[in-house]
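All residue numbers in this chain count up from 1 along the given sequence. First listed ligand is number 1; within each ligand, the first listed atom is number 1.
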Amino acid sequence: MRHFLKETDLTVAETAQVFAAAAALKASRGKSDALALARQSWGLMFFKKSTRTRVSFQVGVHELGGMPVMLNADDLQISRGETVADTARVLSRYLHGMVIRCHEHSLLEEFARCGTMPIVNALSDFLHPCQFMTDMFTLAERFSPGRPEQFAASLKGKKVAFLGDTACNMANSFVLGGAALGVEIALAGPAGYAPGAEIRAQLKKDGLPETFTFSTDPAVAVKGADMVYTDVWVSMGMEAEKAERLRTMQPYQVNAKLMGLAKPGAYFMHCLPAHPGEEVSAEVLEGKQSIIFDQAENRLHVQKAILAHLAAARG
Ligand code: CP
Ligand code: NVA
């Protein structure tokens with residue numbers, strides 16, 4: 001059974017296929033009869049808040065001919081102590097696959113191990129692979145316009161600067177996915193927020209080199225970057241640390257001065273939701289280098305391609 005819990009659950013060749021399929025789905029949206037999930041029901045289970053992921057997966061499953069079954073984890077017996085193993089085994093008897101947003105990454109792994117259906121990571125505390133795939137697709141659209149078969153290759157050797165909370169799930173996804181795709185990942189954040197042991201262990205497990213760099217100087221990371229990325233300073237679940245994070249991450253705000261150190265015409269990206277005035281200035285967020293709404297739209301197309309890929313792999 002194939003799952004998509006982390007970036008490296010797809011080979012580079014499969015990532016290239018998913019990008020090409022996503023471009024085709026984007027071009028044919030509303031016109032195509034290709035229904036990869038026809039007569040299927042997919043569960044979408046959320047333990048955390050979501051706007052983009054929730055709606056784009058719901059619409060995506062529907063557009064592929066399937067029925068999305070929206071599950072708020074709070075309404076399920078799992079929130080009253082039913083085991084993950086039993087939940088996975090029971091839901092596998094009804095559903096053809098599940099998309100899950102949760103806290104501990106291990107819950108996704110247990111679901112995948114105990115159930116008999118594909119599981120997709122819709123964000124865990126550790127990784128956000130659907131967002132990373134979409135971000136790379138969105139960037140490749142700019143580097144290789146109209147040539148989706150070149151998308152994956154066009155990312156090789158490009159420099160991405162990631163600023164702020166460089167120990168969060170998005171940063172981890174860039175570290176792992178960047179190493180797999182040959183993208184140079186330069187991170188900058190406060191000393192206590194460097195990529196941790198868990199993501200380094202994952203690189204090792206996947207046989208990937210530690211190609212990322214970490215600096216406490218934002219100028220070092222941004223210098224010559226093709227794209228500058230940031231994420232919220234207070235991820236879901238980190239609210240108790242809010243005051244400390246807002247204070248220590250201040251020097252890493254992506255603003256016009258910092259963008260000026262990147263390559264001329266460099267793109268600004270953010271997974272959203274954004275907090276203008278915190279991790280990014282309103283000027284950069286709304287400026288002409290910002291491609292945040294292309295990113296948000298592309299979640300739909302890329303996730304549809306991932307779902308179709310998993311469904312086809314299942315046969
Ligand atoms: N970027 C992202 O995953 O957004 P949501 O939390 O709104 O789903
Ligand atoms: N790092 C953020 C990403 C939100 C899409 C969080 O986990 O809250």
When you measure from [atom] to every protein heavy atom, which one gives the shortest distance, and what is it?
atom                   : answer
atom 4 (C) of ligand 2 : L123 CD1, 3.9 Å
atom 8 (O) of ligand 2 : M236 N, 2.8 Å
atom 3 (C) of ligand 2 : D231 OD2, 3.6 Å
atom 4 (O) of ligand 1 : R52 NE, 2.8 Å
atom 6 (C) of ligand 2 : S235 OG, 3.3 Å
atom 6 (O) of ligand 1 : R101 NH1, 2.8 Å

Can you tell me if [X] uses its side chain to pair, donor with acceptor, with the backbone of [Y] under 3.5 Å?
X    : Y    : result
E239 : V234 : no
S281 : V284 : yes
S215 : A188 : no
R101 : K49  : yes

Determine whether the side chains of E7 and S173 contain a donor N or O and an acceptor N or O closer than 3.5 Å.
yes

Does some side-chain heavy atom of [Y] sit less than 4.5 Å from a side-chain heavy atom of [X]?
X    : Y    : value
F151 : T15  : no
P118 : F4   : no
L258 : V228 : no

Under 4.0 Å from a heavy atom of N169: give me the atoms of ligand 2 that qualify, with their elements.
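Answer for ligand 2: 1 (N), 2 (C), 6 (C), 7 (O).
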
What are the atoms of ligand 2, with element, lying closer than 4.0 Å to any heavy atom of L272?
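It comes down to these atoms of ligand 2: 5 (C).
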
Backbone or side chain, does any N or O of C271 fall under 3.5 Å from an N or O of ligand 1?
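By distance alone, the answer is yes.
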
T51, any N or O under 3.5 Å of ligand 1 N or O:
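Yes, since at least one N or O of T51 sits under 3.5 Å from an N or O of ligand 1.
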
For ligand 1, which atoms, with element, lie under 4.0 Å from some heavy atom of H128?
2 (C), 3 (O)

Number the atoms of ligand 1 from 1 as they appear, then name those within less than 4.0 Å of a heavy atom of R299, with their elements.
1 (N), 2 (C), 3 (O)

Going by distance only, is there an N or O of [X] that falls short of 3.5 Å from an N or O of ligand 2?
X    : value
H128 : no
R101 : no
M170 : no

Going by the angle between their ring planes, with limits at 30° and 60°, are H105 and F126 parallel, tilted or perpendicular?
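Perpendicular.
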
Just one of F174, F162, Y229 clears the ring pair (Phe, Tyr, Trp, His ring centres under 6.0 Å) bar with F132, so which one?
F174

From the list R299, R142, K26, salt bridge (Lys or Arg N to Asp or Glu O under 4.0 Å) partner of D294 resolves to R142

Proximity of L272 to ligand 1 by residue part, where a heavy atom lies under 4.0 Å
backbone

Does ligand 2 have an atom under 4.0 Å from some heavy atom of V234?
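No, V234 has no heavy atom closer than 4.0 Å to ligand 2.
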
